[in-house]
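Shown next, in structure tokens, is the structure this report addresses.
Both counts, for ligands and for their atoms, begin at 1 and track the order of listing. None of the values given here were measured: they were computed from a predicted structure.
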Amino acid sequence: MKVKILSIVIPCYNEENSILDLVKKVLGSPVENKEIIVVDDCSKDNTRAILEKDVKPLVSQIVYHDVNKGKGAALRTGFAHATGDAVIVQDADLEYDPNEYPLVVEKIFNGEAEVVYGSRYLNQKRKGYLANRVANWFLTTLSNLFTGEKLTDMETCYKCFKREVIQSIDLKEDRFGFEPEVTAKIAKKGIRIKEVPISYYPRTNEEGKKIGFKDGLRAIYCILKYR
Ligand code: UDP
Ligand code: MG
């Protein structure tokens with residue numbers, strides 16, 4: 001049987017505190033064949049120097065944006081460069097655990113699913129700050145209403161796709177609207193998204209989290225726009 005390859009796409013903006021540790025964790029994750037693609041979304045802190053000096057020898061590719069565009073735009077760039085059998089999104093912080101890739105990618109590698117989300121809330125409670133949990137619950141419920149999916153965590157970072165599937169979707173959202181947009185467009189293709197439980201180690205805004213209240217409003221707009 002052909003050995004399967006996982007492409008890991010890392011959108012990265014001002015992540016000088018975590019990017020090197022994160023890439024090392026990704027390298028050590030228990031997936032035999034991986035392709036790591038970092039997209040630097042025009043970082044203004046020390047990230048670029050770290051990428052050039054320490055990260056470059058460890059990864060397959062680093063792609064640089066000339067202007068800061070947002071997570072969605074960085075992912076579009078990364079997806080276009082992916083060549084593996086499956087593609088997973090990996091934020092450049094340490095909120096998710098790369099050791100859990102096998103849980104998420106297994107069903108895609110063995111042909112049981114085309115899209116799998118790692119859920120922070122499936123079969124478990126109290127993951128993350130209350131306000132974020134409530135917002136995620138609300139956005140997931142609203143998204144389900146329009147997509148017909150039965151997700152517990154639409155906003156999760158760990159979204160894994162068969163490569164052909166993600167590369168066939170025309171994505172428009174530059175920022176965090178990516179999450180509801182991609183979910184709606186996958187549902188429109190008639191694909192049932194599978195979920196598996198994953199761990200979550202949330203960071204605060206002070207620790208570098210960039211998503212905010214406005215992004216929540218944009219998510220509502222995107223759920224309606226792409227329904
Ligand atoms: N990010 C990016 N461009 C931006 C803002 C964020 O590439 O303009 C990246 C960021 O570095 C991180 C990911 O997108 O790897 C998600 O950002 P964050 O952790 O702040 O959001 P959340 O975890 O809440 O989705
Ligand atoms: Mg994050």
Side-chain angles (χ1 to χ4, degrees), residues 7-26 36-51 55 59 61-82 87-98 100 117-121 127-140 143 151 153-160 171-183 198-220 222-223:
S7 297
I8 298 138
V9 175
I10 308 177
C12 176
Y13 178 60
N14 292 349
E15 303 285 5
E16 62 183 7
N17 293 324
S18 59
I19 185 66
L20 183 57
D21 285 347
L22 183 269
V23 167
K24 286 179 180 166
K25 282 198 174 183
V26 171
I36 306 176
I37 302 169
V38 179
V39 182
D40 180 73
D41 194 21
C42 202
S43 293
K44 290 163 185 77
D45 65 358
N46 205 29
T47 299
R48 282 201 169 199
I50 297 168
L51 289 176
V55 173
V59 300
Q61 269 194 72
I62 304 178
V63 189
Y64 293 95
H65 279 177
D66 295 334
V67 285
N68 174 242
K69 295 184 189 158
K71 175 177 176 177
L75 289 178
R76 278 204 305 275
T77 300
F79 295 155
H81 285 82
V87 181
I88 192 166
V89 177
Q90 171 66 63
D91 283 354
D93 52 46
L94 303 168
E95 295 191 307
Y96 295 77
D97 183 359
E100 296 183 332
Y117 286 8
S119 169
R120 296 165 288 180
Y121 311 115
K127 283 287 172 69
Y129 300 98
L130 180 66
N132 291 330
R133 287 204 324 262
V134 172
N136 286 339
W137 172 85
F138 174 75
L139 295 173
T140 297
S143 169
L151 300 176
D153 191 5
M154 181 273 292
E155 290 280 345
T156 180
C157 162
Y158 272 7
K159 293 182 165 71
C160 192
L171 295 165
K172 303 279 186 215
E173 288 297 310
D174 281 345
R175 288 174 52 90
F176 295 106
F178 163 78
E179 320 289 356
E181 180 191 15
V182 78
T183 303
I198 53 151
S199 317
Y200 183 52
Y201 309 91
R203 65 172 175 174
T204 60
N205 291 351
E206 290 69 40
E207 288 164 332
K209 200 171 180 72
K210 291 157 197 92
I211 204 164
F213 181 68
K214 267 195 189 160
D215 297 301
L217 296 181
R218 180 78 193 179
I220 296 173
C222 289
I223 289 168

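Ion pairing between K71 and E179 holds under the 4.0 Å rule for side-chain N and carboxylate O. Checked for salt-bridge contact, D174 and R76 meet the test: a charged N lies under 4.0 Å from a carboxylate O.
Using a 4.5 Å heavy-atom threshold, the side chains of I88 and K159 count as separate. Two residues are said to be in side-chain contact when any heavy atoms from C-beta on lie closer than 4.5 Å; T47 and C12 meet this criterion.
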Under 3.5 Å, N/O to N/O: give me all the pairs between ligand 1 and the protein, one per line with atom names and distance.
residue  : atom   : partner : partner atom : Å
ligand 1 : 3 (N)  : D41     : OD2          : 2.7
ligand 1 : 8 (O)  : D41     : OD2          : 3.3
ligand 1 : 8 (O)  : N68     : ND2          : 3.1
ligand 1 : 11 (O) : Y13     : N            : 2.9
ligand 1 : 11 (O) : E15     : OE2          : 2.6
ligand 1 : 15 (O) : P11     : O            : 2.7
ligand 1 : 15 (O) : A92     : N            : 2.8
ligand 1 : 19 (O) : D93     : OD2          : 2.7
ligand 1 : 19 (O) : R203    : NH2          : 2.9
ligand 1 : 20 (O) : K210    : N            : 2.5
ligand 1 : 23 (O) : E95     : OE1          : 2.8
ligand 1 : 23 (O) : K209    : NZ           : 3.2
ligand 1 : 24 (O) : K209    : NZ           : 2.7

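Shown here is K44, whose NZ atom has more than 12 heavy atoms of other residues, nucleotides or ligands within 6.0 Å.
To the nearest 0.5 Å, the span separating CE on M154 from OH on Y121 amounts to 10.5 Å.
The shortest heavy-atom contact between I220 and F138 is CD1-CE2, 3.7 Å.
Y117 and T183 form a side-chain donor-acceptor contact under 3.5 Å, judged by distance and modelled atom types alone.
Looking at Q90, E95, E100 one by one, the single match for side-chain hydrogen bond (donor to acceptor under 3.5 Å, both in side chains) with Y158 turns out to be Q90.
For the Mg ion (ligand 2), the nearby protein N/O/S atoms, meaning those under 2.8 Å, are D93 OD2, E95 OE1.
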